[in-house]
Structures are given as C-alpha cells and as structure tokens.
Amino acid sequence: MRVLLVEDEERLARLVAEGLEEHGFSVDIENDGLLGLDRARHGSFDAIVLDILLPGRNGYRICAELRADENWTPIMMLTAKDGEFDEAEALDTGADDYLRKPFSLHVLAARLRALIRRGQSPRPVTLEAGSLVMDPNRRTVTRSGTSIELTRREFDLLQILMRNAGEPVPKDELLSRVWGSEFDGGANVVEVYVRYLRQKVDEPFGLATLETVRNVGYQLVSDE
Ligand code: CA
C-alpha cells in the first residue's frame with residue numbers, strides 16, 4: 001500500500017512515515033504543497049495524507065484540484081486541534097476523511113486501510129439546495145440543469161450560502177469570508193452582490209430562494 005504524505009513539519013512527517021511503514025505501508029513524503037500536488041498527479045498512490053497549512057498550496061486547494069482533475073485517490077486530511085480549520089470544508093473539497101492532530105498512528109493506519117478498501121471510484125462533490133447545484137471544485141453552478149455564469153465573488157458568496165442552506169448567515173460573516181478582513185469598503189457590498197446573485201440564480205427562474213433575514217443577513221432556501 002503506497003501512500004503519499006504531504007506535510008511540511010519535517011520531524012512529524014518522518015515520524016508518521018516510520019509509523020505507517022511499521023504498519024506495512026510504503027510512504028513517500030513531500031514537504032511542499034505544490035510539489036505534493038505534482039507528485040499526487042503523476043504518481044500512483046493508494047491514498048494521500050494531506051496537511052492543511054502547507055507552503056506552496058494548502059491542503060484544501062490540493063484536494064479540490066485533484067478532484068477537479070477526476071483524480072479519486074482516497075484523501076485523509078490532517079486538521080489542527082484548535083478548530084482553526086473547518087472540517088466540513090475539508091469534506092466539501094472532496095477529502096474522504098480527516099484526523100485531528102495530534103493523532104494516533106494506529107488510528108491513522110486503520111482509517112487509511114478502510115479508505116483504501118473503498119477504492120478509487122468517482123466521488124464528485126456537489127452542494128445542493130433544491131434545483132440549485134454547485135460543484136465547488138470545478139466552480140460550476142446549475143439551476144435545473146441550466147448553467148449559470150458567476151463571477152468569483154458571486155460564486156464564493158453563493159458557496160457560503162449553499163453550505164448553510166436553510167440557515168441565516170450574518171452579513172458581517174459573509175463580508176469577512178468573501179472579501180477578507182482587510183476589506184474596508186463597508187457591508188453594502190454584500191447587499192449589492194446578493195442583488196447580482198438574485199438576478200442570476202432566482203429571477204430568471206421565477207424564484208425567490210435568496211431571502212433577506214431582517215437584522216441578521218441572508219439565507220438560501222430550497223425551492224423544493
Ligand atoms: Ca503544516
């Protein structure tokens with residue numbers, strides 16, 4: 001069983017590799033995200049173990065890019081214990097499982113074996129809210145099969161609303177997650193982009209699924 005481990009903390013990478021080798025795996029290590037992605041694309045691995053914070057390219061992006069290429073090698077993400085990273089997001093980008101650091105090597109070996117047993121069948125990730133469907137890796141959106149062109153900001157905004165479908169998302173959270181905390185243009189930009197989104201995902205279809213929640217923010221509801 002051949003595993004690619006992408007982890008920039010070299011000491012940890014060596015420890016994990018040695019531990020997995022004791023469990024019968026053969027392990028290749030990359031310490032850089034971009035090199036890891038390249039290795040994952042061109043090598044033939046039974047599974048990939050991905051750290052999230054990496055130089056070159058982060059684990060979410062690596063995972064998303066592999067899945068967008070229809071590379072279905074099972075992926076285990078290593079997440080930080082402090083909850084700084086969103087485990088749901090790891091799964092949304094197409095990871096198959098995650099482990100929080102620090103983890104036991106026995107557990108990692110057992111979960112990797114389980115992933116490898118499941119194999120490499122296609123597992124496309126989509127977010128759905130009724131007839132609205134998003135592929136976060138390919139960055140495509142359709143409503144009832146009709147393709148919808150979105151700008152990068154519109155897409156990012158819709159992605160957060162779809163991940164939280166049926167629940168209101170505060171306007172300031174949308175602002176900081178889509179525009180970044182350094183953005184100083186004011187929260188009005190969210191209203192403007194919600195209007196753009198309505199003109200693309202709702203109005204042409206005679207729908208009103210992107211609702212304003214007074215004094216809170218916005219929520220996307222299913223049309224079904
Ligand atoms: Ca790291």
Side-chain angles (χ1 to χ4, degrees), residues 1-116 118 120 123 125 127 136-139 152 155-156 159-160 163 173 176-183:
M1 292 178 291
R2 193 153 165 245
V3 172
L4 173 65
L5 170 63
V6 189
E7 166 62 69
D8 60 321
E9 290 163 58
E10 294 185 22
R11 211 180 66 88
L12 176 65
R14 265 200 315 278
L15 270 171
V16 172
E18 283 167 15
L20 287 178
E21 277 158 10
E22 279 173 27
H23 284 86
F25 294 87
S26 114
V27 182
D28 290 18
I29 300 174
E30 283 293 349
N31 301 123
D32 173 271
L34 212 52
L35 296 176
L37 175 61
D38 193 57
R39 196 73 176 276
R41 280 195 167 129
H42 299 108
S44 153
F45 297 96
D46 297 300
I48 300 168
V49 179
L50 263 187
D51 186 28
I52 292 180
L53 260 194
L54 291 164
R57 180 97 16 135
N58 74 44
Y60 293 138
R61 291 274 311 279
I62 294 173
C63 191
E65 290 187 33
L66 288 173
R67 296 309 189 229
D69 284 352
E70 303 193 346
N71 179 320
W72 305 112
T73 307
I75 293 176
M76 166 75 75
M77 294 273 240
L78 302 178
T79 68
K81 192 176 177 247
D82 58 11
E84 188 183 342
F85 302 107
D86 187 346
E87 283 149 356
E89 194 169 347
L91 300 179
D92 281 351
T93 60
D96 298 283
D97 199 359
Y98 60 81
L99 261 187
R100 280 191 197 180
K101 291 180 181 177
F103 49 84
S104 129
L105 282 166
H106 290 281
V107 172
L108 176 61
R111 306 247 300 252
L112 277 178
R113 259 187 235 111
L115 288 185
I116 292 168
R118 278 195 253 153
Q120 311 216 3
R123 303 180 293 291
V125 178
L127 301 175
N137 298 332
R138 290 165 177 266
R139 297 185 73 84
R152 185 170 67 87
F155 186 94
D156 292 347
Q159 180 164 203
I160 295 169
R163 283 207 170 113
E173 186 184 329
S176 70
R177 290 186 62 185
V178 176
W179 281 269
S181 46
E182 71 283 0
F183 180 78

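Note that ligands are numbered from 1 as they come in the structure, with each ligand's atoms numbered from 1 the same way. From a predicted model like this one, the values you see are computed outputs, not experimental measurements.
- No donor-acceptor distance shorter than 3.5 angstrom exists from the side chain of N58 to the backbone of I52, with no hydrogens or angles considered.
- For the pair OD1 of D8 and O of L53, the angle at the Ca ion (ligand 1) is about 90°; rounding is to 10 degrees.
- Residue side and main chain included, E9 places no N/O/S atom under 3.0 Å of the Ca ion (ligand 1).
- In summary, D156 and R139 engage in a salt bridge, as defined by a charged side-chain N under 4.0 Å from a carboxylate O.
- R39 places no side-chain N or O within donor-acceptor distance of the main-chain N or O of L5, the cut-off being under 3.5 Å.
- The atom of D51 that is an N, O or S and sits closest to the Ca ion (ligand 1) is OD2.
- A distance-only check finds a donor-acceptor pair linking the side chain of N71 to the backbone of T73 [under 3.5 Å].
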